[in-house]
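Comments concern the structure below.
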Amino acid sequence: MQDSFKHQGLRNKLVSDLKMKGIKDNSVLEAIKNVPRHLFMDSGFLDHAYQDKAFPISSGQTISQPFTVAFQTELLNVKKDHKILEIGTGSGYQAAILCYMGARVYTIERIKELFRKTSVFLPSINYRPKKMIYGDGYRGYIDESPYDSIIVTAGALEIPQSLISQLKIGGRMVIPVGDQVQQMKLLIKISESDYESHNFGDFQFVPMLKEKN
Ligand code: SAH
């Protein structure tokens, strides 16, 4: 499967939809315009790749809706060379968007099959996270901390303190928190012991699960 003019046209349309829905950061829109989302989807859903919808990937997980990816990425305030930790690699689409924006990306996935598949797939289409990690995102990845920002792409029941401790002072964490429906939260770490919290409305994610025993 290749990228084609047809796909590029569909992405341009998606970008104008996202602008209408309120996404403003040009570097985010530019990434959505360039990363071929259809390559991240199972063949049965290819025709729908540029609709603003979430779709199933393997292992009962989903590739987030483009609006959600754009919204979370905008809240991260990504700058070139930022060191970013992602929890929930999934299809790798969000990681590819961050790589496209020039970030140094570390991404963790707890389902081995998805981890394996995406670890091979992303470099094969020239997106190269600094490291893809198989493990429990609740623990973060202390070896490379502190991070400029952390993005959680699964719904957490509470805010994991271990992740906040791995942020730089001034660093940002974007995390959906809640059970059936999640509140999108932006946390900004203001000192070693304190952070600001801002709410950005309701979203729906697959659950962030604790480590398998
Ligand atoms: N960012 C992904 C979205 C995938 S859906 C994309 O762009 O496609 C959320 C992912 O989070 C799933 O793959 C799920 O397995 C993973 N996940 C859930 N709980 C986790 C945890 N504790 N640690 C790491 N990954 C987790």
Side-chain angles (χ1 to χ4, degrees), residues 14 18 28 31-32 34-42 45-46 48-76 78 84-101 103 105-122 125 127 129 131-145 147 149-164 166 173-179 181-182 184 203-213:
L14 173 62
L18 295 177
V28 175
I32 302 260
N34 281 282
V35 177
R37 185 172 188 254
H38 63 284
L39 300 183
F40 294 76
M41 313 210 3
D42 290 336
F45 296 100
L46 283 180
H48 308 292
Y50 296 108
Q51 293 176 10
D52 188 17
K53 288 185 183 158
F55 284 102
I57 53 175
S58 43
S59 309
Q61 302 304 315
T62 58
I63 177 169
S64 303
Q65 184 181 342
F67 176 75
T68 305
V69 172
F71 193 83
Q72 286 196 283
T73 309
E74 187 164 75
L75 288 178
L76 286 178
V78 179
I84 302 183
L85 179 66
E86 178 192 28
I87 312 302
T89 313
S91 70
Y93 178 68
Q94 173 74 65
I97 293 283
L98 297 172
C99 289
Y100 183 89
M101 295 173 81
V105 179
Y106 297 81
T107 180
I108 310 181
E109 173 58 54
R110 73 184 280 283
I111 297 180
K112 195 161 219 168
E113 180 202 340
L114 270 176
F115 161 75
R116 285 212 182 108
K117 189 172 163 191
T118 304
S119 305
V120 174
F121 170 67
L122 273 182
I125 57 165
Y127 296 104
K131 190 155 189 175
M132 291 189 251
I133 302 132
Y134 168 61
D136 178 13
Y138 272 100
R139 297 183 185 183
Y141 186 62
I142 198 149
D143 299 20
E144 289 290 339
S145 67
Y147 300 94
S149 59
I150 298 179
I151 174 170
V152 179
T153 69
L157 284 179
E158 75 260 312
I159 294 165
Q161 295 303 312
S162 51
L163 294 185
I164 293 177
Q166 292 177 28
M173 175 152 91
V174 177
I175 178 168
V177 183
D179 191 359
V181 172
Q182 291 84 33
M184 189 66 76
F203 287 79
Q204 249 181 326
F205 282 82
V206 295
M208 181 170 174
L209 297 171
K210 295 269 185 194
E211 200 168 17
K212 287 184 242 180
N213 294 310

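Residue numbers start at 1 and run along the sequence shown. Atoms within a ligand are numbered from 1 in the order they appear, just like the ligands themselves.
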Ligand 1 contact by V69, heavy-atom criterion under 4.0 angstrom
no
Residue pair I57 / F40, side-chain heavy-atom distance below 4.5 Å
no
With nothing but distance in play, are any N or O atoms of I87 less than 3.5 Å from an N or O of ligand 1?
no
So if I count the atoms of ligand 1 from 1 in the order they appear, which ones are less than 4.0 Å from some heavy atom of L114?
13 (O)
What do you reckon, does K210 put a non-hydrogen atom under 4.0 Å from ligand 1?
no
Could you tell me whether R110 approaches ligand 1 through its side chain, its backbone, both or neither, with non-hydrogen atoms closer than 4.0 Å?
both
Heavy atoms only, cut-off 4.0 Å: how does D136 contact ligand 1, side chain, backbone, both, or neither?
both
Answer whether the closest heavy-atom distance between the side chains of T118 and T107 falls below 4.5 Å.
no
Heavy atom of A95, distance to ligand 1 below 4.0 Å
no
Evaluating non-hydrogen atoms only, which member of P207, S64, G60, G135 is closest to atom 18 (C) of ligand 1?
P207
Tell me, do Y147 and I84 make a side-chain contact under 4.5 Å, heavy atoms counted?
no
Within-shell test, S59 vs ligand 1, heavy atom, strictly < 4.0 Å
no
Does Y106 reach the side chain of D143, with side-chain heavy atoms less than 4.5 Å apart?
no
May I ask you to check if ligand 1 and I111 share an N or O to N or O distance below 3.5 Å?
no
What are the atoms of ligand 1, with element, lying closer than 4.0 Å to any heavy atom of S91?
6 (C), 7 (O), 8 (O)
Side-chain H-bond candidate by donor/acceptor type, Q94 with T153, under 3.5 Å:
no
From the list F67, Y50, Y93, side chain to side chain contact (heavy atoms under 4.5 Å, CB included) with I32 holds only for Y93
